[in-house]
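Only one structure is covered here, and it is reproduced in the block below.
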Amino acid sequence: MSDAQNPLRLRKKHGSGKPTEVTSADGKRLVNAQSVRNAVVAGLIVIIVFSIFWITLSELSNRVFPWFTVVLGFLLGHSTRLAGRGADWRFPLIAAVMAVAGSLIANIVVAASVTAEGFGTGTLDVLRAVTSMTWPVYFDERLTVADVFYAAVAAVLAAFYANRRLSRSEYQALRLWREEQERD
């Protein structure tokens, strides 16, 4: 790119146009910044906070919103991206699995909350009273095809938002590092 100003174009505010110099060491730093543990911990925190929020919302409105698990998928994807800083296939997989598990857990907790309200007891009391005979009844009567569909949509959203967004130079550095790893 030349430095001559063309009267028909806007001023250049973004740099010289020269490619940035990146090395495989920059890619290695990106890989070392990833943390599966942080992604899982952040996901668990999101599931717990989301379940409490969903219970509160259901009790305040006297309605259960089954589509709310889609919001959980969105939140899990973002928390996995921010906490895990992942740039490979593991982080979308972690986010998708946690979205399905979190959807199931949140549905169980909300159902226990509604049941507890009906019996005039606490949610934790209902959850402690669950036995192996309760699960088949729950899955036959309470869990619907819509819940499974919303869990699948949540998993897709979580996987979509889970990977770190890389700039061009970061992507090039990561590619250089991977090519170096393949040669070794």
Side-chain angles (χ1 to χ4, degrees), residues 1 10-58 65-110 112-113 123 127 143 146-184:
M1 297 181 74
L10 295 174
R11 281 186 328 176
K12 299 174 192 170
K13 295 181 181 180
H14 51 19
S16 65
K18 296 177 185 174
T20 57
E21 295 296 324
V22 293
T23 63
S24 63
D26 297 325
K28 185 176 182 178
R29 276 194 290 279
L30 285 172
V31 170
N32 289 340
Q34 299 180 125
S35 174
V36 171
R37 182 183 57 85
N38 288 351
V40 170
V41 168
L44 291 174
I45 291 170
V46 166
I47 290 170
I48 291 168
V49 170
F50 176 81
S51 296
I52 292 169
F53 178 71
W54 195 8
I55 289 170
T56 305
L57 184 66
S58 295
F65 303 103
W67 54 266
F68 216 55
T69 56
V70 174
V71 176
L72 174 64
F74 178 77
L75 294 174
L76 279 171
H78 277 287
S79 69
T80 301
R81 179 189 341 171
L82 294 175
R85 301 189 50 80
D88 60 9
W89 61 270
R90 296 176 298 171
F91 294 91
L93 181 66
I94 289 168
V97 168
M98 290 189 79
V100 170
S103 297
L104 181 63
I105 290 168
N107 272 318
I108 290 170
V109 171
V110 167
S113 171
T123 304
L127 288 174
L143 200 65
D147 293 326
V148 174
F149 174 75
Y150 291 133
V153 171
V156 169
L157 269 176
F160 179 76
Y161 285 110
N163 259 350
R164 183 176 175 182
R165 305 295 184 240
L166 300 175
S167 67
R168 288 182 179 188
S169 60
E170 289 173 332
Y171 181 77
Q172 182 182 10
L174 189 61
R175 193 181 78 222
L176 288 172
W177 182 81
R178 287 179 179 159
E179 288 173 357
E180 183 178 289
Q181 294 302 310
E182 289 174 5
R183 278 185 270 143
D184 291 341

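Here CZ of R164 is found 6.0 Å from CG of L166. Values are rounded to the nearest 0.5 Å. Taken from OH in Y171 to CZ in R165, the straight-line distance is 13.5 Å, to the nearest 0.5 Å. For the atom pair OH of Y161 and CZ of R81, the computed distance is 8.0 Å after rounding to the nearest 0.5 Å. Residue N163 holds its CG atom at 8.5 Å from CD of Q34, rounded to the nearest 0.5 Å. To the nearest 0.5 Å, atoms OG (S51) and CG (L72) are separated by 7.5 Å. Note that the CE atom of M98 and the CG atom of L93 stand 11.5 Å from one another [nearest 0.5 Å].
For residues 83-99, the set of pairs meeting the side chain to side chain donor-acceptor pair (under 3.5 Å) definition, not counting sequence neighbours, comprises D88-R90.
For F65, the ring-ring contact (aromatic ring centres under 6.0 Å, His included) partners two or more places apart in sequence, or in a different chain, are W67. Annotation: side chain to side chain contact (heavy atoms under 4.5 Å, CB included) contacts of L143 (sequence neighbours excluded): L104, N107, Y138, F139, D147. By the side chain to side chain donor-acceptor pair (under 3.5 Å) test, R178 pairs with no residue at all, sequence neighbours left out. For S113, the side chain to side chain contact (heavy atoms under 4.5 Å, CB included) partners two or more places apart in sequence, or in a different chain, are I55, E59, T123. In this structure E180 satisfies the side chain to side chain donor-acceptor pair (under 3.5 Å) test together with S24, sequence neighbours excluded. Residues satisfying the side chain to side chain contact (heavy atoms under 4.5 Å, CB included) test with A95, not counting sequence neighbours, are T80, A158, A162. Take S169 and apply the side chain to side chain donor-acceptor pair (under 3.5 Å) test, not counting sequence neighbours, and it matches S167. Taking the side chain to side chain donor-acceptor pair (under 3.5 Å) definition, one finds that T56 meets it with nothing, sequence neighbours left out. Shown here are the side chain to side chain contact (heavy atoms under 4.5 Å, CB included) partners of V41, two or more places apart in sequence or in another chain: R37, I45. The ring-ring contact (aromatic ring centres under 6.0 Å, His included) test applied to F50 returns W54, F68, not counting sequence neighbours.
Between A112 and L127, the shortest heavy-atom contact is CB-CD2, 3.6 Å. Heavy-atom minimum distance, T69 versus S103: CB-OG, 3.6 Å. The two atoms that bring G102 and I47 nearest to each other are CA-CD1, 3.7 Å, heavy atoms only. Residues A39 and G84 come closest through the heavy atom pair CB-CA, 3.9 Å.
V153 has its side chain within reach of F149: a pair of non-hydrogen atoms, C-beta onward, lies under 4.5 Å apart. Between S79 and L76, some side-chain heavy-atom pair lies under the 4.5 Å cut-off.
When the options D26, L30, V22 are evaluated for a side-chain contact (heavy atoms from CB on, under 4.5 Å) with E170, the one that passes is L30.
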